Each structure stands twice: as C-alpha cells, then as structure tokens.
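Presented below is the structure to which this report refers.
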There are 4 protein chains.
Amino acid sequence: MSNYSHSQLAFEKNMSDTRISPRKLPQQDRARATVEAILDATAQLLVEEGYHKTSTNKIAKRAGVSVGSLYQYFPNKEAVVAGVVEAFADDQMAFLGERLMELQGLPLEESVHALVVALLEAKQLNPDLHQVLFEHLPPIGQIDVLKDWTDQAVALVTLALQSRDELEIENPQLTAFVLISACHGIIHTAVVNSPHLLADENFSREVAKLILSYIK
Amino acid sequence: MSNYSHSQLAFEKNMSDTRISPRKLPQQDRARATVEAILDATAQLLVEEGYHKTSTNKIAKRAGVSVGSLYQYFPNKEAVVAGVVEAFADDQMAFLGERLMELQGLPLEESVHALVVALLEAKQLNPDLHQVLFEHLPPIGQIDVLKDWTDQAVALVTLALQSRDELEIENPQLTAFVLISACHGIIHTAVVNSPHLLADENFSREVAKLILSYIK
Amino acid sequence: MSNYSHSQLAFEKNMSDTRISPRKLPQQDRARATVEAILDATAQLLVEEGYHKTSTNKIAKRAGVSVGSLYQYFPNKEAVVAGVVEAFADDQMAFLGERLMELQGLPLEESVHALVVALLEAKQLNPDLHQVLFEHLPPIGQIDVLKDWTDQAVALVTLALQSRDELEIENPQLTAFVLISACHGIIHTAVVNSPHLLADENFSREVAKLILSYIK
Amino acid sequence: MSNYSHSQLAFEKNMSDTRISPRKLPQQDRARATVEAILDATAQLLVEEGYHKTSTNKIAKRAGVSVGSLYQYFPNKEAVVAGVVEAFADDQMAFLGERLMELQGLPLEESVHALVVALLEAKQLNPDLHQVLFEHLPPIGQIDVLKDWTDQAVALVTLALQSRDELEIENPQLTAFVLISACHGIIHTAVVNSPHLLADENFSREVAKLILSYIK
DNA sequence: CATGAATGAGCGTTCATTCAT
DNA sequence: CATGAATGAACGCTCATTCAT
C-alpha cells in the first residue's frame, strides 16, 4: 500500500484548520523524507499501541528523527495523526475510484458484486490501521474518519449509480448513502466479529444480494 | 435511561477475566450505591472528556467518593470502563428484547419497520455515550463493544426470524448478522454524517425497504 | 527569616484568582509540611537559579517531595511563585509594622532615621530573594511585587504621618508614596550598585536628611 | 525612538566580556541593517512576550533573517539582549545629556524641575521596554541595566551639580546618587502603581520639591 | 472500609544552538 | 555569507495507583 506520501496536495487540504494544519511545507528533499518517515512511524505505532500510547517522542524515535523535527512540520500530535488519516483516506479513495472505473460496461449483477469485493479489499489494504482509525481514535479536533470516508465513498457511488440508465433511482444520493453505510457496517462488523466470513465467497455474494434486491 | 446498575449478573459475567473483573461483590446497599455512583460518573466523564481524559481521580470526585473507594470495587481504570460498557449493553438489550416481543403477530412489513425504528430509538437512549463507546474507546483488555452488542442483537433477531414461518431463510444466523450489521452501520453513520436523516420518516422507511427486499 | 508558612490566611487571599489560587487547603499536618517545604525550596531556587531555571521538578526534588505533590497544592508554577511572593510580602509587612509601632513618641528626627534603618533592615531580611522578586521576575499573572509591597508600605507610613500632629501635610498619601518609593529606590539601587554604602552610618543619615527636609 | 543602532561604540564596549561580545563588527551596510533588524525585533518581542518566550528563532523570523544569520553576529541569545540593553542605555543617556545641557544658566528651581521632567520623559521614550529591562529581565551574564543606567545618570548629574557654584555640596557624587536613585525609584513606582500621577503637573512639582529641599 | 496525600514515569512541547547545503 | 533542517535536553504538567492514617 501507499507510504503515506505527504503530498503537497494533502498538505494544502488541511491548511484551513490552523489547529491541525501542517506548520510548513517541506521544501527540500531531506525534509520531505522526514515527513514521510514520521507519518509511516505514526501509522505503525497507532496500530501497535493505540492513539493514547503513541507518543510524539516514540514516533520520532521510530522515524529516526528528533522530536524537534516532528514539531517543525506538525504543530502538535493531533496534526500528525490528521496527516495519517489524510493519507489513509487518499489511498482508500484512489483504490476505490480505480475499481469503480473498471466496472463500467459490466452487467449490473457482476458490477454490484465487484463493488462489494472492492470494498472488502479496501478494508484489507491495511486492516489494522483501518480498525484503529475507525474504532479507536479519540475525538480529536476536526478529524472524523468515518464522515470523511463515507462522504467520499458516497460521492463515488452516486456517480456510478447515475451512469446506469437501466436503474430508476429517485434519490441516488440517499441510495448511495444507504448502500455504502450498509456495506461498510457489514464488512466492518465482520472483521471484528467473524473474520472467517471475509474469505468466504458466500459472504460477498450475500452482501451483493442485499444490495441488488434493494436497488433493482 | 438506566443508571448503569451494576447488576449482580453483570458482575459475574466478567469474573473469568481477572484483569478487569470487579474485586468483590458489593454486599451492602451503601456499597451498591457507591458502585453505581462511580459508573454514572464514569459514563458522564467519558462523554464529556473522552476516555483519555477521564481520570480515576475525577471519576471519584464526581461520584462523591475517594479514589481509594473506587479501587476497592474496581482493580483498575479499565475495569471501571468495562463496567460502564456492561451496563450499557444490558440496557440496550433489555430495550431491544422488549421491542421485539411486541412485534409478534404483526404483519412482516410493519414488523420490519418497527425493528428499524427500535434500533433507531436504541441509539437515542444515550447517543453521546453510544458514540464514545462505539467509536472512540481505545482497545482495552477484552472489551469490545461492537462485538458484544452485535452478538447479542444477532441472537435476538435470529430468534425473531425463526419464529416467522412465512419466511424461508436458509441461514437465519447469517441473515440476522447481515441485517443487524447493515442497520447498525447505516444508523451509526447517519448519526455521524447526517443527523437530519434520523428524524425523517422516509429514512426509516428506506432502511426497512432494504431489509424487506432482502429477506423476502 | 520566616519559613514562608503557607498560612490558611495567605491561602485564602489568592482564592479569587483561579489562575494562581492554590488548589486546595492542606488539611493534614503532613500536607502542611509539604506545602511549606515546597515554598522554601522555591525561594532558594529562585535565588540560586532565577525564575526561568527554577523548574517544578527541581523544586519538588529540593523539597523532598514528588512533582505530583506539588501539583496537588498548586495549579501551576506561577502559583508556587505567587505563594512565595505572598509569604515574602507578609514577612516584610509584619517586620515594618512592628518597627513603626516602636517609633511612636520618639522625636521626629530620630523617628525618620529609624524608619530608614527599618527599611534598610527589611531589605536585609533576605536580600537575594528581595532582588530576584523585585528585579528579575517575569511578568506572571497578577503577581506584582513592587505594587503590592509599595501599596502596603504606603498604607503603613500614611498612618504614621497622620499620627504626627506637628506635621502639616496636605496630602499624606502622596507624601507617603513619594517617601516610600524614594527610599525604596535609593536603597534598592544602593544594594545593586554600591553595597558598601549600606553599612555606612552616613548613608542612612543622608537618606533621612532627604526625607526630613522634605516633610518638614 | 531610536532604532537600537548597533553603534560601533556600543560594540566595542562589550569587547572585553567574551561571553556576550558580538562576534564581529558588521562591515557592510547590509550587515548593519541585519543587526539592526535583529535588535529591533528583539526589543519588540521582549515587550510582547517577555525574555523567556523571546526565542532566537522568533527573533530571526520577525527580523526577516534566518537563525543562522543571527548567530553570525551574536554568539548567543544573551548577547542579543545585551545589544538591546546597550542601545537602550545609549538612547537614554543621549536624551538626558542633551536635556541637562539645556539647563545651564537657568535658575536652580527651574533647573531641578526640568531635570525631573526630563527623567519622566526619558521613561516615556519606550515605557514598555523600560519596564521589561528594569523589572523583568533575568540575571543574565554581566548585564545589569539598573547599575549601568544609574552609573551613567549619576555621572551626568554629578557634573551638573559641580557646575553650580551656588550649591555647597560636600559629596556631590553621593548627592547625585541619592538624587538620581530617589527620582528613578519614585518615577518607576509611579509607572507601575499610579500611572495617572505621571500626567499630573503636581507630581513633577512634588518630586522637584523633594530634590530642592534636599540639595539647598 | 474510607480517606486523600503521595508517588514518579511519562506525556506533549519548546528552544538555543549547529552545520550541511 | 545566508539558509533552514535538525537536534535533544529539559520543561510544565497529568494520572493510574498505593498505603498510612
């Protein structure tokens, strides 16, 4: 998966919220490498220890830089985590967007099943990080992974639904919301409760059935 | 809502895990009152401040007892939170169980809609606490709210499905799981993303539609 | 000099400013001893290292208690220093008040000279602490040693002036202010610039001359 | 007021103390401008944030140069502040020297009053900086604003007193010391305690009265 | 049993200073 | 010369937990 590349783009997205916006854009290659190492180390520690026990000093040590360097690029701990979330969301959406592209032209049944599989796979990109971000992050600043992830996924699926002329959907946005949040809920719960389901071919079929009977 | 009564039952449930099991059963009324006050205070602080900032000293102060007393009944902070989770789950299931009872004999359509509404209402019992427990609790010990809640809700719904002879469901447990986790996912996401949906009559209708077209 | 006894009284004085008011009144003897040790250690460190380098950890170590204990009684570093200032001011005023009492009935000349000597001696009570508090304390919260000290000293001297019927002073408060701030300025500067002056009998005579020729 | 011009003179004064002496004399105009910008920025930050929070990085940013440049001209933070103090003292003495010049030939009464007014005005040149330097600077290196300021002012006034043949003063230096430190003390305390006094015409009259009755 | 004073490791963060570019 | 990324010791402060009273 991605290495949480702290892209210029990602940086600028958060520039509006001064509480978590990066302190400055890294201008030299050395600096860019530092920022990346910090984000990678943070993602690892978040998984291994949880937010609470992920200290900025540990992050710095793991990243092979000094705490001071961390604070050159991030105003506080929250901002570092926000950076990880940002990168995570970007990766997820890049992945889902690509998969949805490939669906065009396929028959509806296959298409829906492929969507479910894509969502399942997205969750496997970095399952532990996924879990920490969605289930165990304290309410910090403006960070809301669930909201951000859902909003972006809904947008993607809304477009996909609208491009299907054979479907007569009154409110594509609502439908997409129900669809995405249902799938996400099922998959997420399956990960936590019954990991064995994930590998089962019948599982994705069952979920696809739910979707199909709903939108048809 | 409930006052997180530290029921004898709840206490015994955790007796197997020594890391979070209560130290002793409160045997006098005064003791029971103390434990209750602690759990109530904890629930409040969890909502107001989050897990991280909910300190045992603050809990004790808010509960009107000394820290020492807290540690008479709970071996550590995790155990206190586990107690809150326990009480929360009990409340939720008591509520849902009652509602599902009332459904017997109703036509399927109404029944399903009523179930969805019950789930919505369950989430309103203490929405803030709900959110903290489901979304923001760090991974502590054996506590897994999502797993516990889902397992119990699935059990209830499995029974309800099985009691409907008109339905021919191959794997009622899987169906119940899909159903519950989908509903929970949709509702939870709606709370976070689009609270306005919750009051909308069409919203529960839409969710009911999803369920109905799936199980019929 | 005083041991900066953290008197109940001194505690209550600051109760209005929540930013520096003590966290709680020590209720046991053990606690009172802790508070006293903290204030003594702080005064020492303030002198030896200055405010900036006087860290709460060092204070605690020197006082023979843990940092945690310090923070049980003081909400922050400022409050500890405020406690020292409080005790210092109390000591100074107790001393000056006593000396002024003894002046009653003496002829004016002697009286004035005795006042000057008293001020000189007050500065010798703890000259180093005096200097740190008056000259090197950063602007913290509502703490203003110069203002507090002057206000109290002016009040004492105003009374003393008014009790002298032979003096016809129009505005005793203004006269007291000029008198006190002049003496304080001279003595303080002498301490810094020309310590040898302090022991010189002529010095106090000279200052007394300034005062006498002014009020007569 | 002055821009804290880092005069060649000021530079050389400190050449003896290697701990705070500037590293090299700025030889080009650009360098001189840099040094000046640094001193100005420092003076501002000293007032706005105090010594403690005035960091070299902030100084550099405010001055529009890099930290590295700052360390080209000053060996450490103390030296920068010493530079500010130096410039401040130079400004003050230039101002007072000029004013004392104008007094020659005036009658004694007027002369003394004019001196008091000059001291009052000197304090208004940059009252906030005045206060920080005199009251809130930690004891750093050999810097002692009060001592330097007093010594220079005493020297000026001693000369002025000696040039007055009508006065028969035994020890002009002691008299000048008492005079200057008294005035300084009164004015300084008035600034802190009773700023309204400063504008009052009677205030300077009262102080002049103190001086006159003393030296006559 | 209840109390609350005491502990101290560890947190998030700053800042004077250096040095490769 | 100027730059600014990097350093890391040290700061102020919190909090889960213990134990003498």
Side-chain angles (χ1 to χ4, degrees), chain A residues 24 26-35 52-61 64-80, chain B residues 24 26-28 30-31 34 52-61 65-80, chain C residues 24 26-35 52-61 64-78 80, chain D residues 24 26-28 30-31 34 52-61 65-78 80:
Chain A
K24 58 176 167 188
Q27 298 189 353
Q28 302 177 5
D29 277 357
R30 187 163 51 128
R32 238 185 311 278
T34 297
V35 164
H52 180 189
K53 291 191 172 180
T54 296
S55 78
T56 49
N57 279 290
K58 279 191 218 160
I59 292 172
K61 186 158 287 175
V65 302
S66 69
V67 230
S69 287
L70 186 156
Y71 281 93
Q72 293 241 347
Y73 298 102
F74 300 93
N76 50 46
K77 182 181 170 182
E78 289 193 15
V80 183
Chain B
K24 58 181 150 187
Q27 309 220 342
Q28 302 168 6
R30 187 158 57 114
T34 298
H52 181 187
K53 290 193 172 179
T54 296
S55 75
T56 49
N57 280 292
K58 275 191 220 158
I59 292 172
K61 182 162 287 175
V65 301
S66 68
V67 230
S69 288
L70 186 154
Y71 279 90
Q72 292 266 343
Y73 295 105
F74 300 92
N76 53 44
K77 181 181 171 182
E78 289 193 13
V80 183
Chain C
K24 59 175 164 188
Q27 298 188 353
Q28 303 176 3
D29 276 358
R30 189 165 49 129
R32 240 186 309 278
T34 297
V35 164
H52 180 190
K53 290 192 171 179
T54 296
S55 77
T56 49
N57 280 291
K58 278 191 220 160
I59 292 171
K61 186 158 288 176
V65 302
S66 70
V67 228
S69 286
L70 186 157
Y71 281 94
Q72 292 239 349
Y73 298 101
F74 301 93
N76 51 46
K77 182 182 170 181
E78 289 193 15
V80 184
Chain D
K24 57 181 150 186
Q27 308 220 344
Q28 302 169 7
R30 188 159 55 113
T34 297
H52 180 188
K53 290 193 170 177
T54 295
S55 75
T56 49
N57 280 291
K58 274 191 221 159
I59 292 172
K61 183 162 287 174
V65 302
S66 66
V67 230
S69 288
L70 185 154
Y71 279 90
Q72 293 267 341
Y73 295 105
F74 300 92
N76 52 44
K77 182 181 170 183
E78 290 193 12
V80 183

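Residue numbers start from 1 in every chain, and the chains themselves are labelled A, B, ... in the order their sequence lines are given, proteins ahead of strands. Note that this is a predicted model, so its numbers are computed, not measured. Side chains included, hydrogens not; waters and symmetry mates left out as well; all remaining heavy atoms used.
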Find the distance [X]:[atom1] to [N]:[atom2] and express it as a whole number of Å.
| X | N | atom1 | atom2 | result |
| --- | --- | --- | --- | --- |
| B:Phe74 | F:dC15 | CZ | P | 20 Å |
| A:Tyr73 | E:dT13 | OH | C1' | 17 Å |
| C:Arg32 | E:dA5 | CZ | P | 11 Å |
| B:Leu70 | E:dG4 | CG | C1' | 13 Å |

Considering all heavy atoms of both residues, which atom of [X] and which atom of [Y] are nearest to each other, and what is their separation?
| X | Y | result |
| --- | --- | --- |
| A:Lys53 | A:Lys58 | O-NZ, 2.8 Å |
| D:Leu70 | D:Thr56 | CD1-O, 3.7 Å |
| A:Asn57 | A:Val67 | OD1-CG2, 3.3 Å |

Set out, line by line, the N/O atom pairs under 3.5 Å between protein and nucleotides 15-17 of chain E.
| from | atom 1 | to | atom 2 | distance (Å) |
| --- | --- | --- | --- | --- |
| E:dA16 | OP1 | D:Lys77 | NZ | 2.8 |
| E:dA16 | OP2 | D:Thr56 | N | 2.5 |
| E:dA16 | OP2 | D:Thr56 | OG1 | 3.2 |
| E:dA16 | N7 | D:Asn57 | ND2 | 3.3 |
| E:dT17 | OP2 | D:Tyr71 | OH | 3.1 |
| E:dT17 | OP2 | D:Lys77 | N | 3.0 |
| E:dT17 | O4 | D:Asn57 | ND2 | 3.4 |

Gap in Å between the two C1' atoms, one belonging to E:dC1 and one to F:dT21, rounded: 13 Å

Dot-bracket, DNA chain E: Watson-Crick or G-U, under 3.5 angstrom, [ ] crossing, | other strand? .||||||||||||||||||||

In chain order, what residues pass the side-chain contact (heavy atoms from CB on, under 4.5 Å) check against A:His52, with sequence neighbours excluded?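 With sequence neighbours excluded, A:His52 shows a side-chain contact (heavy atoms from CB on, under 4.5 Å) to B:Tyr51, B:His52, given in chain and number order.
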
Please identify each residue that fulfils side-chain contact (heavy atoms from CB on, under 4.5 Å) with C:Lys61, with sequence neighbours left out. none

With sequence neighbours left out, write down each residue that passes salt bridge (charged side-chain N to carboxylate O under 4.0 Å, His left out) with C:Lys77, or none if nothing qualifies.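 None.
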
Can you see if the side chain of A:Ser66 gets near the phosphate of F:dT7 - specifically, an N or O under 4.0 Å from OP1 or OP2?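 Yes, A:Ser66 has a side-chain N/O under 4.0 Å of OP1/OP2 on F:dT7.
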
D:Ser66: side chain to side chain donor-acceptor pair (under 3.5 Å) partners, not counting sequence neighbours: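 Side chain to side chain donor-acceptor pair (under 3.5 Å) check on D:Ser66 returns D:Ser69.
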
Going by heavy atoms in the side chains, are D:Tyr73 and D:Val80 under 4.5 Å from each other?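 D:Tyr73 vs D:Val80: side chains apart.
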
